[in-house]
Amino acid sequence: MKNQLRQIPPIHELQRTVEFNRFISSQNLSFEIAADLVKESVAHIRTHIQQEIWDGPLPESDLFIHAVITLATYLKKEKLSLSLLRVINASGTILHTNLGRARLGQETIEHMCKVTSSYNNLEYEVQNGKRGSRHAHAEKFIRELTGAEAAMVVNNNAAAVFLILTSLAKNKEVIVSRGELVEIGGSFRISSIMEESGAKLVEVGTTNKTHLQDYQRCIDEETAMIMKVHQSNFVMKGFTSSVDTEVLAELTNEYDQVIFYEDLGSGSLFDFSNQGIGNEPVVRKVIEQGADLVSFSGDKLLGGPQAGIIAGRKEIVDSLKKHQLARVLRVDKMTLAALEMTLLHYLKKEEHKIPAIYDITRSKDDILQQSLSLMAQLKQKNSSFQLEIVEGKSRVGGGTMPEVELDTYLISIFHNRLTNHELHEQLRLSEPSIITRIQQERLLIDLRTVSIGEHEEILEVLDTIHEELVR
Ligand SMILES: *Cc1c(COP(=O)(O)O)cnc(C)c1O
């Protein structure tokens with residue numbers, strides 16, 4: 001063993017080999033980083049030799065350098081690969097919470113790159129050369145789109161809810177219907193966030209029914225707010241009733257100190273119900289119906305970046321902007337740039353440029369055409385996969401419109417040497433990762449959320465799997 005250790009070539013000798021130089025160029029590394037990785041690999045091998053568990057080529061062998069480089073390549077992948085990966089979402093869930101919710105449109109990405117790759121007027125008024133406010137950027141568009149007097153943007157809707165409760169209802173009472181005490185995504189509960197904010201939750205009504213009188217009875221001097229929460233990820237059926245926005249707005253108008261706030265969850269700016277999809281409230285309507293304040297997410301049905309949007313009466317929003325927490329929860333230029341461009345698409349009635357809207361409103365025939373085209377491309381490749389078109393459903397996801405099922409066509413894909421689960425896993429572990437779903441013993445590809453530009457990558461991945469199998 002001692003003998004073997006002595007025979008390990010010194011690092012400076014390894015650095016002169018062809019293999020080392022090839023390692024540098026193929027992995028696109030600097031000399032120093034490559035040398036460090038080789039040093040670490042040799043140290044690792046040395047320990048294994050000492051512990052008599054090294055089963056690779058011996059140091060005197062010509063193959064030794066190959067073993068070192070293989071290990072160094074592995075270490076490089078372990079230590080220097082990025083964690084956030086692109087994923088092709090063929091799962092059929094559009095706002096997939098685990099896959100980053102809404103993807104951004106081309107012009108949105110371009111605007112973000114333009115703004116962030118140089119200095120910008122984030123807090124500067126170019127017109128008069130004075131310090132400006134970052135709140136100004138998306139506000140104009142939000143006001144225009146929602147009809148609200150004022151608006152601001154924070155980190156996400158959970159942050160919006162927290163800021164609103166802390167700033168406007170700390171140590172005071174907030175009345176919420178028992179039917180609306182929701183939990184979203186496992187980590188956001190209205191009751192918990194309320195407790196955290198210092199506001200006192202006053203539950204009214206029952207799980208299935210809440211009436212106007214229930215609210216009326218609980219209003220007193222301690223009441224700061226009536227809060228209505230969109231049920232988002234569940235639906236109540238049967239013997240149910242809740243109090244409408246208009247009615248609650250009218251009730252709160254009778255009390256000067258009481259604010260009526262509605263947490264809309266998704267907060268749609270686009271009327272999906274016009275297209276026969278769900279019955280999600282449109283933000284503008286809720287404001288018209290008299291809500292003093294609303295908040296909603298930027299990356300759910302809106303189709304923008306992660307953000308929480310607060311809109312409503314000017315004096316209330318202005319007081320939120322001045323709160324210490326507003327600084328804590330403020331968003332970066334990247335978010336504002338992405339949000340601003342997404343909102344501009346709505347203003348210009350170019351909603352098709354927002355991928356989430358485009359994907360949700362795609363017709364099933366459009367998806368059929370795309371599926372047939374991918375199948376034709378695959379057949380040309382002489383692949384050993386068997387394909388079939390089947391009818392099915394896509395989902396909106398992101399905890400919104402839980403009842404809505406969007407008609408779609410799916411590609412059912414099968415290989416006689418793989419189980420569905422094996423193929424599902426191979427696609428997931430490929431580069432890029434392709435997320436499919438297994439339903440009724442079929443492996444299904446839903447192209448609703450896949451761009452034509454991604455076909456080539458899917459074909460390449462399938463080709464690689466095919467080659468491995470027939471080899
Ligand atoms: C999704 C949701 C939230 C949380 O929004 P994020 O943007 O994910 O922080 C809060 N309230 C409701 C009703 C929601 O649906």
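One-based numbering, in listed order, for ligands and for the atoms of each. This chain uses plain numbering: 1 for the first residue, then up along the sequence. Just the heavy atoms: all of them, side chains too, but no hydrogens, waters or symmetry mates, feed the values below.
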Peer 1: Is Glu107 salt-bridged to Lys353, going by a charged N under 4.0 Å from an acidic O?
Peer 2: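 Salt bridge: yes.
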Peer 1: Starting from atom 6 (P) of ligand 1, which protein heavy atom do you reach first, and at what distance in Å?
Peer 2: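 Nearest neighbour among protein heavy atoms for atom 6 (P) of ligand 1, to 0.1 Å: Ser297 OG, 3.5 Å.
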Peer 1: Using 4.0 Å as the upper bound for N to carboxylate O, is an ion pair formed by Glu403 and Arg395?
Peer 2: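 Between Glu403 and Arg395 there is no salt bridge, as every charged N stays at least 4.0 Å from the carboxylate O atoms.
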Peer 1: Quick check on contacts: which atoms of ligand 1 are under 4.0 angstrom from a heavy atom of His230?
Peer 2: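 Answer for ligand 1: 13 (C).
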Peer 1: Under 4.0 Å from any heavy atom of Phe188, which atoms of ligand 1 are there?
Peer 2: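 Contacts of ligand 1 toward Phe188, numbered from 1: 10 (C), 11 (N).
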Peer 1: Could you tell me whether Arg101 approaches ligand 1 through its side chain, its backbone, both or neither, with non-hydrogen atoms closer than 4.0 Å?
Peer 2: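 Contact part for Arg101 vs ligand 1: side chain (C-beta onward).
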Peer 1: What about His415 and Phe385, are their ring centers closer than 6.0 Å?
Peer 2: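 Ring centres of Phe385 and His415 closer than 6.0 Å.
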Peer 1: Measure from NZ or CZ of Lys228 to the centre of the six-membered ring of Phe260, then state whether that distance is under 6.0 Å and the direction lies within 45° of the axis.
Peer 2: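 Judged by the rule (NZ or CZ under 6.0 Å from the ring centre, within 45° of its axis), Lys228 is not positioned above Phe260.
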Peer 1: If you count the atoms of ligand 1 from 1 in the order shown, which ones are under 4.0 Å from a heavy atom of Asp263?
Peer 2: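 Taking each heavy atom of Asp263 in turn, ligand 1 has 10 (C), 11 (N), 12 (C), 13 (C) under 4.0 Å.
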Peer 1: Can you tell me which residue and heavy atom of the protein come closest to atom 15 (O) of ligand 1, and the distance to 0.1 Å?
Peer 2: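 In this structure, atom 15 (O) of ligand 1 has Ser232 OG, 2.5 Å as its nearest protein heavy atom.
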Peer 1: With backbone taken as N, CA, C and O and side chain as the heavy atoms from C-beta onward, which portion of Lys300 lies under 4.0 Å from ligand 1: side chain, backbone, both, or neither?
Peer 2: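 It is the side chain that touches ligand 1; the backbone stays farther off.
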Peer 1: What heavy-atom pair brings Leu145 and Arg284 nearest, and what distance separates the two atoms?
Peer 2: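 Reported closest heavy-atom pair: O-NE, 3.4 Å.
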Peer 1: Examine Asn157 against ligand 1 and note whether any of their N/O atoms are separated by less than 3.5 Å.
Peer 2: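 N/O-N/O distance below 3.5 Å exists for this pair.
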Peer 1: Is any side-chain N of the basic residue among Glu125 and Lys130 closer than 4.0 Å to the acidic one's carboxylate O?
Peer 2: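 So Glu125 does not pair with Lys130 through a salt bridge.
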Peer 1: Can you check side chain to side chain donor-acceptor pair (under 3.5 Å) on Ser394 and Asp446, steps first, answer last?
Peer 2: CA-CA 8 Å; Ser394 318; Asp446 190 337; 2.8 Å; yes
Peer 1: Mark the output for Ile184 as yes if a heavy-atom distance to ligand 1 is under 4.0 Å, and as no if none is.
Peer 2: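 Yes, Ile184 has heavy atoms under 4.0 Å from ligand 1.
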Peer 1: Establish, from distance only, whether the side-chain atoms of Ser295 and Asn157 form a donor-acceptor pair under 3.5 Å.
Peer 2: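 Yes.
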Peer 1: Short list, please: which atoms of ligand 1 are under 4.0 Å from a heavy atom of Ala158?
Peer 2: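 Atoms satisfying the 4.0 Å criterion: 4 (C), 5 (O), 6 (P), 9 (O).
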Peer 1: Counting from 1, what ligand 1 atoms have a heavy atom of Gly265 closer than 4.0 Å?
Peer 2: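 Here the atoms of ligand 1 in question are 12 (C), 13 (C), 14 (C), 15 (O).
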